[in-house]
Number of protein chains: 2
Amino acid sequence: MGTEKRGERQPTINDVARVAGVSKKTVSRVINRSPLLKDDTRSKVEQVIADLGYVPNPQARALALRRNFLLGLLHDNPNAQTVLNFQEGVLDAIRDTNFALVVRPVNRHSPDMLDDIRDFLEKQRLYGVFILPPISENEELAALCRELDCAYVRMGSTQLDSPQYLVESNDREIVASAIDHLVEMGHRRIGLIEGPEGFRSAYERREGFLDGIRRHGLEYRAQWHAPGQYTFDSGIDAADRILGEADRPTAIFVSNDEMAAAAMHVARGKGLLVPEDLSIIGFDDSPIASHIWPPLTTVRWPIREMASVAAHKLIDSVDADKLPSRLPSTLIRRSSVAPPRMK
Amino acid sequence: MGTEKRGERQPTINDVARVAGVSKKTVSRVINRSPLLKDDTRSKVEQVIADLGYVPNPQARALALRRNFLLGLLHDNPNAQTVLNFQEGVLDAIRDTNFALVVRPVNRHSPDMLDDIRDFLEKQRLYGVFILPPISENEELAALCRELDCAYVRMGSTQLDSPQYLVESNDREIVASAIDHLVEMGHRRIGLIEGPEGFRSAYERREGFLDGIRRHGLEYRAQWHAPGQYTFDSGIDAADRILGEADRPTAIFVSNDEMAAAAMHVARGKGLLVPEDLSIIGFDDSPIASHIWPPLTTVRWPIREMASVAAHKLIDSVDADKLPSRLPSTLIRRSSVAPPRMK
DNA sequence: TTGTAGGCGTTATCAC
DNA sequence: GTGATAACGCCTACAA
């Protein structure tokens, strides 16, 4: 353990070299685990390193290697829990390395977003960046990373880029199987609350929904289908529209949990019981899903695992193509789905 | 705008100096806004900087200055939204500076937490760190930062440290005023679900509760008072206990929103209407608060503003003592509080 | 007001 | 296997 006292200068590689009676290049070799070193030279140096409590200076290292060990996270906060889980997943991967994770929330509605990010990437010269949806779908942003020679991995719900730059989930398939679940419970009249136009995730989830509907030859009605913005308020409007119909569906798939919670509010307001009168399935498995009443059946995407894989793609670029690009989501069955009431 | 192409070496200060026909020290002076420069020298150099798309290398700068421009965030994820709001607040403060924010989630239940953090701080040599509650209450952690000569600011719900190392909220006062609010609505029988033993926030909120109770000369009963762990599940147990009594309170103050949501679940299970039969006030103003039914009256603490202030304390250490150390929380009135039903 | 020399702590090159 | 020596890109001290 280091025994340096406060205020003392941190020991440098020169101190270690001097005390150990070797050249600093040799110390450098020890640090970097060079194979061509005599065992006793190595252990002697290691002993001195431990005695002095020497820790290599990352800035000096970064300068000499002409690259630093910082990974960046660009996101527009699709959901706080998701972003935080992602951070944890990256940390799982970089723990015990010299990498660190720097975060950069951005605003996709700002006209300056790309300039801000350019400024950030130029100033920080990151080793690589993660890009979360929805901004991962922005092609100009990906082009910017390439222009600035900054490695990147895009997280997404569909194939946005070539596999080495991508980690995706299988939104479309899992939503189709959520529909299967509803059909197994006896539902034939199923509605959809969608995410915003222009989001790939929204598109994929809708296609999954339609796959499910077609697969079972279900009736499809335009009035059971409403657009949303992935926000609670937009969920209220959408559910109002769908549940206002006399001839309403017995179940709804909602493209995220926040809007699903909104749909429950609306159902309650109209005197409908969930799940007896209306079954609801959400998407994300955010904390609300388990905290509302009844607890929400929803889709969990393995964001933490996806983050770890993404980190490895950035770091171990040698075998990045051996890493998977697609990780499976799962349907979490809770209490917001039940067989429809007999009429 | 920079016009450098991919694969080209980034221009350095030497390139700028050569093209501009000045020494690199002069370029350095331009970058660092030294006042003693002739205006036309300055503008000439600035022109070349713009033409070349030169951006100073932060690693080289960090090496020369013997300190980097990285701020760290140590947290044990008390609440995803809180952590993310904090990150946004820090970003508000460091936008347009050269600082970046690196995150480090830790596990306060791990026996290795302090070693992990030591390792992290030694390796990264941060400019300073933010410490979020509950680990901000850990004195060993603060001591570690001092030992490693790492500036820090602790976020808290009470005075944990001297003002320059601290940004706090006024939990105790605001909870007392939440009790005032309940009393104004006509409540006289008020219960409490507490946070975990050993958390300062839990302690402060309880004291605030008791202040309120005493101030109005209300009856206090041990069976209206239950411990919790700030988790949904613990909230279920606590509410079960309190609401199981025949002689239950007409209102409960719950120390965080997650447990408040749980209390609503329990009330519903017992056939109690919120707010008619039971008023509930939470704490945090997390997203659940507005997404459950009925929307929860709760306390919002100004985490984003607190983060900005904390960042300035770290960065502008000159006038850190001019910055406030205590920022006021506010009571957000929604629909979970109403006058008690007449008996 | 500007330039020169030297140092920050590391790694790479190339001898020995 | 190991060690001089020279980068890496910036800043400070001091000289002019």
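In what follows, every chain begins at residue 1, and chains take the letters A, B, ... in the order their sequences are listed. Quantities reported herein were computed from a predicted structural model and do not represent experimental measurements.
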Colleague: How many angstroms lie between atom CG of L160(A) and atom CZ of R154(A), to the nearest 0.5 angstrom?
Modeller: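 The CG atom of L160(A) sits 5.0 Å away from the CZ atom of R154(A).
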
Colleague: Dump the intermediate steps for side-chain contact (heavy atoms from CB on, under 4.5 Å) on R125(A) and V55(B), then the final yes or no.
Modeller: CA-CA 10 Å; R125(A) 314 225 174 157; V55(B) 181; 4.1 Å; yes

Colleague: Using the ring of each side chain (for Trp, its six-membered ring), is F69(B) parallel, tilted or perpendicular to Y127(B), with breaks at 30° and 60°?
Modeller: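 Geometry flag for Y127(B) against F69(B): parallel rings.
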
Colleague: Please lay out, stage by stage, how V83(A) and Q87(A) fare under the test side-chain contact (heavy atoms from CB on, under 4.5 Å).
Modeller: CA-CA 6 Å; V83(A) 175; Q87(A) 295 179 3; 3.7 Å; yes

Colleague: When rounded to the nearest 0.5 angstrom, what distance separates CD in Q47(B) from CD1 in I49(B)?
Modeller: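 Rounded to the nearest 0.5 Å, the CD-CD1 separation comes to 10.0 Å.
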
Colleague: Does R66(B) or R66(A) map to a spot on DNA chain C nearer the 5' end, using the closest nucleotide for each?
Modeller: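 Taking each residue's closest nucleotide, the earlier one in sequence belongs to R66(B).
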
Colleague: Would you mind telling me which of L121(B), L166(B), V129(B), L141(B) makes a side chain to side chain contact (heavy atoms under 4.5 Å, CB included) with Y152(B)?
Modeller: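 When side chain to side chain contact (heavy atoms under 4.5 Å, CB included) is applied between Y152(B) and each of L121(B), L166(B), V129(B), L141(B), only V129(B) qualifies.
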
Colleague: Between dG3(D) atom C1' and N14(A) atom CG, what is the distance in whole Å?
Modeller: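 In whole Å, dG3(D) C1' lies 13 Å from N14(A) CG.
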
Colleague: Over the length of the helix from dT1(C)-dA16(D) to dC16(C)-dG1(D), how much do the five-pair end axes diverge, rounded to 10 degrees?
Modeller: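 Taking five pairs per end, the axes differ by 30°.
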
Colleague: Could you state the CZ-P distance from F69(A) to dT10(C), rounded to the nearest angstrom?
Modeller: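 Interatomic distance, CZ of F69(A) to P of dT10(C): 13 Å.
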
Colleague: Measure from CD on Q10(B) to C1' on dG9(D) and round the result to the nearest Å.
Modeller: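 Interatomic distance, CD of Q10(B) to C1' of dG9(D): 12 Å.
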
Colleague: Measure all distances between protein nitrogen or oxygen atoms and nitrogen or oxygen atoms of nucleotides 11-15 of chain D, and list the pairs falling under 3.5 Å.
Modeller:
unit_1	atom_1	unit_2	atom_2	d
dC11(D)	OP1	N32(B)	ND2	3.2
dC11(D)	OP1	R61(B)	NH1	2.8
dC11(D)	OP2	S28(B)	OG	2.8

Colleague: To the nearest angstrom, how far is D15(B) atom CG from dC8(D) atom P?
Modeller: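 D15(B) atom CG is separated from dC8(D) atom P by 10 Å.
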
Colleague: Between S23(B) and Q59(A), which is nearer to the 5' end of DNA chain C once each is assigned its nearest nucleotide?
Modeller: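 With Q59(A) and S23(B) compared, the 5'-side residue is S23(B).
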
Colleague: Has T12(B) got a side-chain N or O lying under 4.0 Å from the OP1 or OP2 atom of dG9(D)?
Modeller: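 It does not, given that no N or O in the side chain of T12(B) lies less than 4.0 Å from OP1 or OP2 of dG9(D).
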
Colleague: Provide, to the nearest angstrom, the distance between the CG atom belonging to N68(A) and the C1' atom belonging to dT11(C).
Modeller: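 From N68(A) CG to dT11(C) C1': 16 Å.
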
Colleague: Under 4.0 Å, counting only non-hydrogen atoms across every strand here, what does T41(A) touch: a base, just sugar-phosphate, or nothing?
Modeller: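 Sugar-phosphate contact only - T41(A) comes under 4.0 Å of backbone atoms but never of a base.
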
Colleague: Under 4.0 Å between any heavy atoms, over every strand shown, what does L37(B) touch: base, sugar-phosphate, or nothing? Just pick one.
Modeller: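 If one applies the 4.0 Å heavy-atom cut-off, L37(B) turns out to touch the sugar-phosphate alone, with no base involved.
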
Colleague: R18(B) has an atom CZ; how far is it from atom P of dC10(D), in whole Å?
Modeller: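 Spelled out: CZ on R18(B) to P on dC10(D) is 13 Å.
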
Colleague: Output the rounded distance in Å from CG (L63(B)) to C1' (dA7(D)).
Modeller: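 So the CG-C1' distance, L63(B) to dA7(D), works out to 13 Å.
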
Colleague: Can you identify which nucleotide, out of dT10(C), dG1(D), dC10(D), has its nearest atom closest to the P56(A) side chain?
Modeller: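 That would be dT10(C).
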
Colleague: Check the distance between dA7(D)'s C1' and N57(B)'s CG and give it to me in whole angstrom.
Modeller: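 That distance rounds to 14 Å.
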
Colleague: Has D96(B) got more than 12 heavy atoms of other residues, nucleotides or ligands less than 6.0 Å from its CG?
Modeller: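 Incorrect, the count does not exceed 12.
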
Colleague: So F86(A) and H75(A), do their side chains get closer than 4.5 Å, heavy atoms only?
Modeller: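 Heavy-atom side-chain distance check fails, nothing below 4.5 Å.
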
Colleague: Side chain to side chain contact (heavy atoms under 4.5 Å, CB included) with L71(A): which of L126(A), T97(A), I94(A)?
Modeller: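 Between L71(A) and the candidates, side chain to side chain contact (heavy atoms under 4.5 Å, CB included) is satisfied uniquely by I94(A).
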
Colleague: Mind checking side-chain hydrogen bond (donor to acceptor under 3.5 Å, both in side chains) for K123(B) and listing every partner two or more places apart, or none if nothing turns up?
Modeller: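 Once residues adjacent in sequence are excluded, the partners of K123(B) under the side-chain hydrogen bond (donor to acceptor under 3.5 Å, both in side chains) criterion are D119(B).
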
Colleague: From the list dC10(D), dT10(C), dG3(C), which nucleotide is the closest neighbour of the side chain of T26(B)?
Modeller: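 From the listed options, dG3(C) comes nearest.
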
